[in-house]
Structures are given as C-alpha cells and as structure tokens.
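All values below were derived from every heavy atom in this structure, side-chain atoms included, with hydrogens, water molecules and symmetry-related copies excluded.
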Amino acid sequence: MAYTFGIRTRLVGLATLPVAIIGMLLLFQLITSKIDDLDLSLHTRAMAIARQLAPAVEYGVAAGNIEALQTLLGKAAIEPDIQGVAVFSDGGKILAQVGRGTWVDPVRDTLPTEYIHLIEARNRLNYYAPVIRTEMAKRDQLPANGSHAVTDMQAHLLGWVGLEVSRSATFRSQRDAILHSLAILLAGLSVSLLIAWRIGRQITRPIRDLTHTVSRIAEGHLDERVELSGPAELGILQRGINHMASHLQSMQDRMRENIDQATARLVYQASHDALTGLINRREFEHRLERALHTALQQDRKHVLCYMDLDQFKVINDSCGHVAGDELLRQLALLLKSNLRERDVLARLGGDEFALLLENCSTEDALGVADAFRAEVQRFRFKWGDHIFSVSMSMGMVAINRDSDSAARLLSAADAACFVAKDRGRNRIHLYESRDLDLARHRDEMRWVTRIQRALEAHRLHLSWQEIRNTDGKAGGARHVELLLRMRDDDGREILPMAFIPAAERYSLMPALDSWVIEETMQLCRRYLSSQQDQHCLFAVNLSGASLKDPAFRQMLLAHLQENPAMGPHLCFEITETAAIGNLAVVNEFIEAMREFNCRFALDDFGSGLSSFIYLKNLKVDYLKIDGAFVRDIASNPVDRSMVEAIHRIGHQMGLKTVAEYVESDQALALLRQIGVDYVQGNGVHTPEPLETLCGKS
C-alpha cells in the first residue's frame with residue numbers, strides 16, 4: 001500500500017522543495033565557477049612562472065654556470081604547490097634540478113620550441129618553456145636606395161625549463177569550497193524547514209483537529225465538536241462542522257425516536273390484525289402452542305373454538321367490501337366485550353375467528369361459545385338503508401394431554417366448524433374423532449388433493465357414450481356424451497361420482513370443466529379436419545360454479561369466436577339444480593352460445609320437482625330424465641308414471657327427451673312404448689376410450 005503524506009508534510013515540502021531546488025542549482029553554479037576559477041588561477045600562475053623563468057636561466061645555460069642555475073631554480077621552487085623545477089640543454093640533458101619531478105625528454109618527445117608546452121596529468125601540471133638566445137647580426141650589403149644598414153634578428157635554442165605544479169592544493173581548495181557551499185545550503189534549508197514546519201503546524205493543527213472531529217462523527221460520535229481556534233476560512237469551516245454535527249445529532253435523535261415508534265408499530269402489526277385490532281393468526285398459533293404445552297406437561301384442560309360467519313359473502317356482494325370490513329370491526333368489538341380475563345380472541349383471516357378458552361372444561365366452553373353465538377345472532381348490522389342479521393357457526397375441540405400438534409387442533413376445529421355449517425349453520429359442533437360427518441369431510445379434503453394432483457400430472461381423460469334413438473333407427477347425426485374419468489396413482493380408473501362432490505364443494509369444478517372444454521375443442525378440431533360425412537354432436541357437462549365464473553365463460557366464448565364452425569357440434573348439459581340456482585346467469589349464457597348454434601340439455605331433470613316452474617323459462621333443446629326414475633322403471637310403477645309425466649311435459653314444450661341409466665332390454669322396451677326420443681346407458685352403449693371415436697390427437 002502506497003504511503004500517503006499528510007497535509008503538514010505536504011505544506012513543508014511545498015515550502016522547502018523550491019528553496020532546495022533553487023539552492024542546489026545555485027550551489028552547482030557556484031561550485032562549478034569556483035572550481036573553474038581555481039583551476040584557471042593555477043594554470044595562469046604556473047604559466048607566468050614558466051614564462052618568467054625561461055629568460056632568467058638564459059645566461060646560466062649559455063654560460064654553463066650550473067651554480068647560478070641551481071640558485072635561480074631554488075628561488076623559483078619556493079611556491080608551495082611547485083613540486084620541481086629543472087633546466088634542460090638543447091640536447092635534452094638535465095643541467096640543473098630542484099625538487100622531484102616527473103620529466104619527459106624534450107628532444108625525444110619533440111617538444112615545441114616556439115611556445116610553452118603543457119602536459120596535464122590527474123594530480124599535476126608539467127610546463128616546458130623553451131630557452132631562446134636572440135642575437136642581432138648586421139648585413140654586409142647596403143640598400144640600393146643608399147639608406148642606413150639593416151640588422152637581422154636570429155633566435156637560437158639553448159634548452160628548456162621544466163616546471164611541475166601539484167594540483168593537490170587546488171583540489172583541497174575546491175573541496176573546501178564545495179563543503180563550505182553545502183554547509184551554507186544545508187543551513188539555509190534547515191532554517192527554511194524550521195520556518196516552514198512552524199508555519200505548517202499553525203496551519204495544519206486546526207485542519208488535523210477538523211479531520212479528527214469528522215472521523216469521530218463518521219464513526220457515530222455525533223456529540224464530538226471541534227475547538228474554535230482557526231483563523232479566517234478555517235474558523236468558518238470549524239463552525240460549519242460543529243453546526244453540521246449538531247444538526248446530524250438532532251436528526252439522529254428524531255430518527256431514533258421514529259425508529260422506536262415504527263418498531264413498536266411493527267411489533268404490534270406483526271401480532272395483530274390491522275382491521276379489527278385482534279391478534280392475528282401467527283400470534284394466535286404461538287399462544288395455542290403455549291396452551292398445548294401446559295396441557296401436555298401440566299395436564300391442564302383448554303378448549304379451542306373456530307368461528308365462521310354465515311352468509312358473510314351476501315353482505316360483501318350486496319354492499320361492497322367496505323361494508324364487510326365495517327361488519328368485521330363491529331363484531332370484533334362485540335366479541336371482545338364478552339371475553340373472560342384469560343380468553344384469547346383472534347381473527348384468522350376473512351370472516352374466520354378463533355377463541356382460546358384457557359383452563360376451561362368442555363361443558364363450560366359450550367356455555368361460553370353458545371353465549372357468543374347468541375350475542376352474534378342478536379346483533380343487527382346497519383349499512384345505509386340495509387339492515388342485516390348475522391349468525392355464526394362454531395367448531396370446538398378440547399385441548400388435553402391426548403392432543404396432538406397445534407396445527408392438528410386448528411384443522412380439527414376447522415373441520416368441526418364445517419360440519420356445523422353443513423348441518424344448517426348458526427350452531428356449535430364439538431369435534432369427536434369418530435364423528436361420521438367429520439370423516440366424510442376429511443375424505444373430501446383428501447379428494448381435493450388427489451384432484452389437484454391429477455390436474456397437474458395429466459391423469460384426467462375422457463370417454464364417450466352414445467345417445468341413441470329409442471326406436472333403434474339410425475339418424476342423420478351422431479350424438480355422444482363425453483364422460484370425465486380420473487386415473488389414480490396406480491393407474492386405476494376412477495368414476496366421476498367418487499370425486500365430483502368434493503370438487504363441487506371446494507370450488508374445483510371450474511378447473512375440471514376448463515380441462516374438459518379444452519379437450520372437447522381439440523376433439524372438435526380433429527373431427528372437423530377428418531371431414532367425416534356424418535354430423536356428430538358432442539355433449540359435455542357444465543357445473544353451476546363454472547357457469548357463474550366470468551373467466552370460464554370468457555374462455556369458452558374466445559374458443560368459439562376463434563373457430564365458429566365448432567358451435568353446431570357442441571351441446572352443453574346443465575344440471576337442474578345448477579339451472580335453478582343461477583337462472584339469470586344460465587339464460588344469459590344460453591343466449592350467448594345460441595349465436596354460435598350451440599345446443600343445450602337440462603340434465604338430471606326430476607331430482608327436484610319444484611323446478612317445473614323454471615322449465616318454461618329455460619331455452620334448452622333436450623330434457624334428460626334423471627336416471628333414478630329410469631333404473632327401476634320396469635319394476636316400479638311410480639317411476640314409470642314419473643317418466644311419462646316428464647316426457648309428456650317435455651314434448652308439450654317442444655323438447656326432445658332423453659332417458660339416462662338404461663341398463664336392460666325391459667327398460668328400453670318401456671321407454672320405447674312411452675315414446676321417449678333418446679336413450680343412454682350401459683344397456684345401450686358401454687363407454688369407450690376417446691381414441692375409438694375419431695383417432696388420437
């Protein structure tokens with residue numbers, strides 16, 4: 001990780017770095033100049049000595065006076081940086097020498113005779129100056145113009161003077177100059193650094209205090225404040241930081257207060273129903289678990305009541321859900337006013353309530369529950385111009401040492417409440433494990449799961465059974481009814497009377513009917529694409545729940561709009577009870593389907609004779625006589641009379657009659673004698689797989 005410099009270091013660097021750079025540049029320039037000056041001074045002085053020494057030794061060399069040369073050289077070698085002085089003859093021989101020197105042979109090395117020659121080494125300088133004797137000679141001839149005589153200058157080389165100068169003193173002077181300059185530079189930098197450090201400290205101390213305070217605030221210490229010590233802009237920044245911290249602290253206090261309030265609301269909402277203020281299902285199950293634990297561990301006795309309003313949907317449908325919500329609120333207040341101290345009342349959802357009676361026997365619980373039921377029955381709900389009476393069905397289950405889990409207790413209480421509704425509503429039913437009604441309810445609940453699994457696993461299929469003319473003559477059209485079948489997990493075929501009651505009770509018929517319609521439409525498409533000559537009418541059963549379902553009706557209408565040619569091949573069979581219970585809806589549905597030339601049959605007619613008055617208001621084509629009258633028609637005169645009456649009324653209304661469950665030749669003969677138009681049953685045609693009708697898809 002790269003090191004990050006602080007602001008003080010940066011300020012000091014900003015103050016001293018330019019000084020250091022400029023000082024170093026100046027020092028470099030100064031040292032360079034000083035070195036050059038010292039070196040030049042040494043060269044100049046040595047050159048001057050050599051230049052003065054050469055003519056001085058001229059006489060001694062010419063005269064051969066070695067002693068005079070030695071004396072002269074000794075005086076020249078007085079200078080401290082002169083290591084040696086020597087005089088050479090014109091042949092290169094040393095005539096005189098003072099000091100020690102490193103010499104070359106002037107003749108052998110062919111040193112110049114016209115000027116002073118320099119040989120430069122690392123730590124010394126060697127100068128060789130020629131010693132020249134100059135003579136003046138007169139010419140014998142006179143000039144032609146008669147002027148005075150002319151002299152001629154002649155130079156004669158006598159030898160050389162050698163001078164060796166040490167550079168050590170110069171180097172020491174240069175080193176001293178460098179050290180002196182560096183000392184001055186370091187002193188200047190130290191002073192600059194000290195001044196910059198003190199100035200930077202004055203500037204950065206408030207900034208560091210600000211940084212520390214901001215870091216503490218970021219860590220959550222909102223009570224941290226910075227001391228107001230900075231001048232000018234820093235003072236403004238310090239005051240701003242303190243103001244910001246104060247504002248954040250006040251906001252945090254308000255936020256913490258809001259969070260505490262919201263947490264309290266969430267805790268309450270997590271355990272209470274928003275509409276009624278009662279505890280919700282989750283909290284009730286928690287308290288039920290606690291009560292069950294005391295029953296199992298301490299042998300205490302409690303009672304669980306499951307309560308469901310009767311016909312609550314009527315108020316929702318007639319006055320809207322706002323009215324339904326208001327009814328639930330008022331009933332919650334009514335029920336709470338009748339609670340004992342340790343009783344627990346909860347809304348489980350919709351119009352379902354639960355009551356936990358702790359430390360209460362079954363006999364006492366029946367009294368408390370009946371008081372609740374009677375209180376609700378006396379209650380009148382007023383909404384606008386409407387006044388509604390309300391009732392409640394209740395299921396009870398005892399909680400004791402033999403009880404199972406809380407989920408099983410709720411399921412048992414729910415099942416008991418269902419039995420109370422099934423027996424006429426506004427009553428209380430106590431759960432008992434051997435109760436036949438509860439056993440039937442549990443069996444139906446198992447069928448619900450099996451039906452849903454069959455839909456998901458594609459274990460439904462259709463069979464077909466022909467509806468034939470009673471006289472046995474072949475007609476111009478073929479009429480078949482499509483029959484729904486289910487395959488169990490082991491592949492065994494299950495007839496519809498085993499699972500249809502559970503499907504009707506638990507609102508699964510729209511799903512089953514939708515599946516049948518989809519399969520029938522595919523069958524129609526295959527039949528039309530096969531281009532068979534004989535017209536075929538496919539009859540399918542529709543339940544009352546499907547007829548009331550707008551989505552189902554829209555789905556069927558969309559199929560016919562997409563392919564109107566299928567309409568003349570469809571006949572919808574509607575049971576008598578479904579038609580009576582939904583007369584307006586059924587007539588509206590028939591009118592919509594008539595536009596596509598669909599036909600209709602009233603199925604199971606005669607199961608409720610009070611429906612004769614509705615028959616004239618239903619625009620159906622076929623009247624199917626309930627098989628309960630047809631099955632024993634050969635041995636029961638009353639059944640025969642019933643069939644005759646239904647057939648006669650149907651013909652008077654212009655309807656074709658169809659007798660169901662024809663199982664014997666005797667029954668077929670009697671029906672032919674009565675004049676029934678069509679017959680259907682295993683005695684006429686045994687149901688076959690759909691593939692035998694028009695092949696596989």
Visitor: Atom CG of L560 and atom CG of L556: how far apart are they, to the nearest 0.5 Å?
Guide: 5.0 Å
Visitor: Show your reasoning for whether side-chain contact (heavy atoms from CB on, under 4.5 Å) applies to L157 and V131.
Guide: CA-CA 6 Å; L157 177 67; V131 179; 5.7 Å; no
Visitor: Check for a donor-acceptor pair, side chain of D273 on one end and backbone N or O of A346 on the other, with a separation under 3.5 Å.
Guide: no
Visitor: Is there side-chain contact between L345 and I279, with heavy atoms separated by less than 4.5 Å?
Guide: no
Visitor: Using distance only, find each side-chain donor-acceptor pair of residues 80-102 under 3.5 Å and give its atom names and separation, not counting sequence neighbours.
Guide:
unit_1	atom_1	unit_2	atom_2	d
D81	OD1	R45	NH1	3.3
D81	OD2	R45	NH1	3.2
D81	OD2	R45	NH2	2.1
S89	OG	G91	N	3.3
S89	OG	K93	N	3.1
S89	OG	K93	O	3.4
Q97	NE2	G99	O	3.1

Visitor: Kindly write out the residues that satisfy side-chain hydrogen bond (donor to acceptor under 3.5 Å, both in side chains) with Q249, not counting sequence neighbours, or none if the list is empty.
Guide: R225
Visitor: Between atom CG of D513 and atom CG of D549, what is the distance when rounded to the nearest 0.5 Å?
Guide: 10.0 Å
Visitor: Report the residues that fulfil side-chain hydrogen bond (donor to acceptor under 3.5 Å, both in side chains) with T294, sequence neighbours left out, ordered by chain and then residue number.
Guide: H302
Visitor: Which heavy-atom pair separates L72 from A56 by the least distance, and what is that distance?
Guide: CD2-O, 3.3 Å
Visitor: H272: which residues meet the ring pair (Phe, Tyr, Trp, His ring centres under 6.0 Å) condition with it, sequence neighbours left out?
Guide: Y268
Visitor: Please check if the side chain of R282 supplies one atom and the backbone of E285 the other of a donor-acceptor pair under 3.5 Å.
Guide: no
Visitor: Hey, mind stepping through Q452 and L508 against side-chain contact (heavy atoms from CB on, under 4.5 Å) and telling me if it holds?
Guide: CA-CA 8 Å; Q452 291 172 337; L508 292 176; 4.1 Å; yes
Visitor: Does Q298 CD have over 12 foreign heavy atoms under 6.0 Å away?
Guide: yes
Visitor: Say you draw a straight line from CG of D325 to NE2 of H321; how long is it, rounded to the nearest 0.5 Å?
Guide: 8.5 Å
Visitor: Decide yes or no for L523 and L690: does some side-chain heavy atom of the first lie under 4.5 Å from some side-chain heavy atom of the second?
Guide: yes
Visitor: Any donor and acceptor pair, going by atom type alone, linking the side chain of Y128 with main-chain N or O of L163 inside 3.5 Å?
Guide: no
Visitor: Which distance, rounded to the nearest 0.5 Å, do you find between the CG of L73 and the CG of L69?
Guide: 6.0 Å
Visitor: Please list every donor-acceptor pair under 3.5 Å in which a side-chain atom of residues 252-265 meets a protein atom from a residue at least two apart or in another chain.
Guide:
unit_1	atom_1	unit_2	atom_2	d
N258	ND2	R254	O	3.3
T263	OG1	I259	O	2.6

Visitor: Return yes if a side-chain donor-acceptor contact under 3.5 Å exists between H559 and E518, otherwise no.
Guide: yes
Visitor: Measure across A332 and T276 and return the closest heavy-atom pair with its distance rounded to 0.1 Å.
Guide: CB-CB, 3.6 Å
Visitor: Has R347 got a side-chain atom pairing as donor or acceptor with N280's backbone, closer than 3.5 angstrom?
Guide: no
Visitor: In Å and rounded to the nearest 0.5 Å, what is the CG to OG distance from L278 to S271?
Guide: 11.5 Å
Visitor: For the pair L292 and L288, evaluate side-chain contact (heavy atoms from CB on, under 4.5 Å) and give the outcome as yes or no after the intermediate values.
Guide: CA-CA 6 Å; L292 176 61; L288 180 60; 5.5 Å; no
Visitor: Check whether any side-chain heavy atom of M566 sits under 4.5 Å from a side-chain heavy atom of M521, and report yes or no.
Guide: yes
Visitor: Check this for me, if you would: do D488 and R450 make a salt bridge, where the nitrogen-to-carboxylate-oxygen distance has to be below 4.0 angstrom?
Guide: yes
Visitor: Side-chain donor-acceptor pairs under 3.5 Å in residues 106-120, sequence neighbours left out?
Guide:
unit_1	atom_1	unit_2	atom_2	d
E120	OE2	R167	NH1	3.1

Visitor: Identify the two heavy atoms, one from Y127 and one from A46, that lie closest to each other, and give their separation to 0.1 Å.
Guide: CE1-CB, 3.3 Å
Visitor: So, for A50 and A129, which heavy atoms are closest and what is the spacing to 0.1 Å?
Guide: O-CB, 3.7 Å
Visitor: Nearest heavy-atom pair of L462 and E519: which atoms, and what distance?
Guide: CD1-CB, 3.6 Å
Visitor: Which heavy atom of D351 sits nearest a heavy atom of L328, and at what distance?
Guide: CA-CD2, 4.1 Å
